[in-house]
Amino acid sequence: MISGNGTTTDPARPAGAIGAAGAARTERRPDDLHARVADWFAEAARDLPWRDPDCSPWGILVSEVMLQQTPVVRVLPVWREWLERWPSPAHLAAEPSGAAVRHWGRLGYPRRALRLHAAATAMVADHGGAVPTTYDELLSLPGVGTYTAAAVAAFAFGRRETVVDTNIRRVQARVFGGSALPAPALTAAEMKRARELLPADDALSVRWNAAVMELGAVICTARSPLCDACPVLDACSWVAAGRPAPEYVPKGQSWAGTDRQVRGAIVAVLRDAEMPVPRSILLESPVDLTMGGPSAPGRPPRPAALTTLHGLQAPAEQLERALAGLLADGLAEDAEGGIRLPG
């Protein structure tokens, strides 16, 4: 995402792109709002490497995938390492998919690494090793969804596409809809509103997409918006309505004790291993001192990732389920001697 990693318009509001309160405040000067947000972005935008004019389309695609549900501060070092190691789709496609998972580090949701590898392989096979330039071609790549296709078409190739992420949804819900938060899931009404708000000029549409995304990331945040610093404060329907409370409380994603936590811990063990890891070591805490005692004389210490895995004290059935899920998803594979990353 150019800004940085989605929830709903009020169902009681008209199904049109702009609710009644928003329409009254914005229809008179949409061009002014476009200019004000774009001018603010020109002055306040964070200096991120994927925003550099010299950044390749591949670099932008990688950033968009990495930034899904992941903060910028965590993405930056991994993105730089990836682009140094794999400066083009062909470089990544030439290595096994397990290398992508290994170098995904601790960004979470490692299936994204597999999707990037699959997309790179498809680009080599079907697009001469280049990132496709149109929305439809991008959408045809494995693992690339509607948001990513629109974002890459816009930010890498300057195309007029409707880019809608969590930040954009929140800004537009407040400024144009008068709601504290968008709906829990993207609605057709939101997409219609976003399309109608998109500037007609290609270049301005790209700046608008990036600027509204940034506005949501750093000013119009979910919990503590900095309204006094907003470039369109006077035009915000939510502020005009007295900043009404959200109609629902967003549910945070649980982590501790979940299958996702156990899966991540297993992947970390496989990532740190130089050879296949015996299934029994993944599923049962080792008693062999060569894998065990933290500092037995003459014995190697237990790998930190394995200590973390078994420190979760996950039930046997959860460990089995998590490992089976990794194998089914292609994030791990059976090999002679145990389990390893794919490829």
Side-chain angles (χ1 to χ4, degrees), residues 62 65-66 70 74 77-121 124 142-143 255 258-343:
V62 172
V65 175
M66 287 185 173
T70 309
R74 290 176 56 197
V78 181
W79 181 87
R80 289 191 174 103
E81 195 269 340
W82 264 58
L83 268 291
E84 289 175 3
R85 183 181 183 91
W86 300 306
S88 73
H91 287 88
L92 178 58
E95 294 205 39
S97 59
V101 177
R102 187 178 303 279
H103 290 277
W104 193 250
R106 302 190 183 278
L107 290 183
Y109 302 99
R111 274 178 286 192
R112 292 179 292 170
L114 291 183
R115 291 169 186 158
L116 267 173
H117 186 274
T121 301
V124 170
W255 170 252
T258 62
D259 284 6
R260 181 169 160 248
Q261 183 188 31
V262 176
R263 283 165 58 104
I266 293 174
V267 169
V269 173
L270 301 180
R271 184 186 299 120
D272 290 350
E274 297 180 357
M275 59 187 63
V277 179
R279 182 183 289 257
S280 60
I281 288 178
L282 293 172
L283 301 179
E284 301 175 16
S285 184
V287 294
D288 184 342
L289 288 180
T290 61
M291 294 294 296
S295 58
R299 305 290 190 184
R302 178 187 297 182
L306 191 62
T307 300
T308 298
L309 170 62
H310 292 298
L312 298 177
Q313 297 184 326
E317 61 270 19
Q318 187 178 38
L319 287 164
E320 291 274 10
R321 185 171 63 246
L323 179 56
L326 291 171
L327 292 166
D329 290 342
L331 285 165
E333 64 181 19
D334 282 299
E336 184 178 354
I339 309 295
R340 67 181 183 187
L341 293 179

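None of the values given here were measured: they were computed from a predicted structure.
Counting heavy-atom neighbours within 6.0 Å of E317 CD, excluding the residue itself, gives a total above 12.
Residues D334 and R279 are in side-chain contact: their nearest non-hydrogen atoms beyond the backbone lie under 4.5 Å apart. A heavy-atom distance below 4.5 Å is found between the side chains of L282 and L270. When side chains are defined from C-beta on, W86 does not count as touching V62, because their heavy atoms never get closer than 4.5 Å. Between M66 and L107 there is a side-chain heavy-atom pair separated by less than 4.5 Å. Side-chain contact check for R85 versus H91: every heavy-atom pair is 4.5 Å or farther apart. Side chains of I339 and E333 form no contact here, defined as non-hydrogen atoms less than 4.5 Å apart. In this structure the side chain of R263 reaches within 4.5 angstrom of the side chain of R111, judged on heavy atoms. Between L114 and H117, the closest side-chain pair of non-hydrogen atoms is not below 4.5 Å.
Expressed to the nearest 0.5 Å, how far CZ of R102 lies from CD of E95 amounts to 10.5 Å. Of the inter-residue distances, the one linking I266 atom CD1 with T308 atom OG1 reads 12.5 Å to the nearest 0.5 angstrom.
Of all non-hydrogen atoms in R271 and G105, the two that sit nearest each other are NH2-O, 2.8 Å. When all heavy atoms are compared, the tightest approach of V78 to W104 is CG1-O, 3.9 Å. Considering every non-hydrogen atom in both L92 and A100, the closest pair reads CD1-CB, 4.1 Å. Across every non-hydrogen atom of P342 and L331, the tightest pair is CD-O, 3.2 Å. The two residues R321 and D259 make their nearest non-hydrogen contact at NE-OD2, 2.6 Å. L319 approaches A314 most closely through the heavy-atom pair CD1-O, 3.8 Å.
Put simply, the side chain of R112 gets close to the backbone of V65: a donor and an acceptor are under 3.5 Å apart.
No cation-pi contact links R115 to Y109, judged by a cut-off of 6.0 Å to the six-membered ring centre and 45° from its axis.
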